[in-house]
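To keep things clear, I will list the structure first and then write my remarks on it.
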Amino acid sequence: MLDGFLALYIFMLAAFTGYEIISRVPVILHTPLMSGSNFVHGIVLVGAMIALGHAQTSLGIGIGFLGVLLGAGNAAGGYVVTERMLEMFKSSKKPGDKA
């Protein structure tokens, strides 16, 4: 019982700390941080695939499949968002156009 409360306390502390840190990041640094977090999401996806490969029960297989599905969606969505953010920094003028 105590382990559950300790895990919940650590989770809440990590969530609060993460929110405070991310909310203070300047806007110009969000794109590099997104790229770094996409890398971490890829590692999570690989971990979910390994867990799915080692699953023995149907419940484990179902949870592993859900983890792989959500991890893949998270990683792919992160790259789409990063690409859209990078598009905002590109110039709207073409190199050959005269202003």
Side-chain angles (χ1 to χ4, degrees):
M1 180 80 170
L2 183 61
D3 290 336
F5 284 121
L6 183 61
L8 182 63
Y9 174 72
I10 291 171
F11 176 76
M12 289 172 45
L13 187 61
F16 177 74
T17 304
Y19 176 78
E20 287 297 317
I21 290 171
I22 294 299
S23 67
R24 295 188 176 145
V25 172
V27 174
I28 196 73
L29 291 178
H30 276 285
T31 301
L33 286 176
M34 284 290 294
S35 297
S37 68
N38 290 338
F39 172 73
V40 172
H41 294 298
I43 293 172
V44 169
L45 178 59
V46 170
M49 289 190 293
I50 291 171
L52 176 60
H54 290 351
Q56 299 292 327
T57 64
S58 60
L59 178 64
I61 292 171
I63 291 173
F65 179 76
L66 183 64
V68 169
L69 188 69
L70 293 174
N74 199 7
Y79 284 111
V80 169
V81 169
T82 302
E83 183 64 29
R84 290 184 70 193
M85 289 175 72
L86 288 173
E87 286 291 323
M88 294 186 331
F89 292 108
K90 290 184 180 177
S91 175
S92 61
K93 292 189 280 185
K94 300 212 182 329
D97 291 345
K98 293 184 180 180

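What you see is a predicted model; the values in this text were computed from it and never measured.
- One finds the CZ atom of F5 at 14.0 Å from the CD1 atom of I10 (value rounded to the nearest 0.5 Å).
- Among I43, I50, V44, the one residue that satisfies the side-chain contact (heavy atoms from CB on, under 4.5 Å) test with V46 is I50.
- Note that CG of L6 and CZ of F11 are 14.0 Å apart. Values are rounded to the nearest 0.5 Å.
- Linking Ile, Leu, Val, Met, Phe, Trp and Tyr whenever their side-chain heavy atoms come within less than 4.5 Å leaves I63 and I61 in two separate clusters.
- Pairing each heavy atom of G60 with each of A55, the nearest pair is C-CB, 3.7 Å.
- V40 and L45 fall into different hydrophobic clusters, where Ile, Leu, Val, Met, Phe, Trp and Tyr residues are linked whenever their side-chain heavy atoms come under 4.5 Å apart, directly or through other members.
- Taking S58 as the reference, nothing meets the side-chain contact (heavy atoms from CB on, under 4.5 Å) condition, with sequence neighbours excluded.
- Hydrophobic cluster membership for I21: none, as no Ile, Leu, Val, Met, Phe, Trp or Tyr side chain comes under 4.5 Å of it.
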Anything under 3.5 Å between a donor and an acceptor, one on a side chain of residues 12-20, the other on a protein residue two or more places apart or in another chain? List them.
residue, atom, partner, partner atom, Å
T17, OG1, L13, O, 2.8
E20, OE1, R24, NH2, 3.2

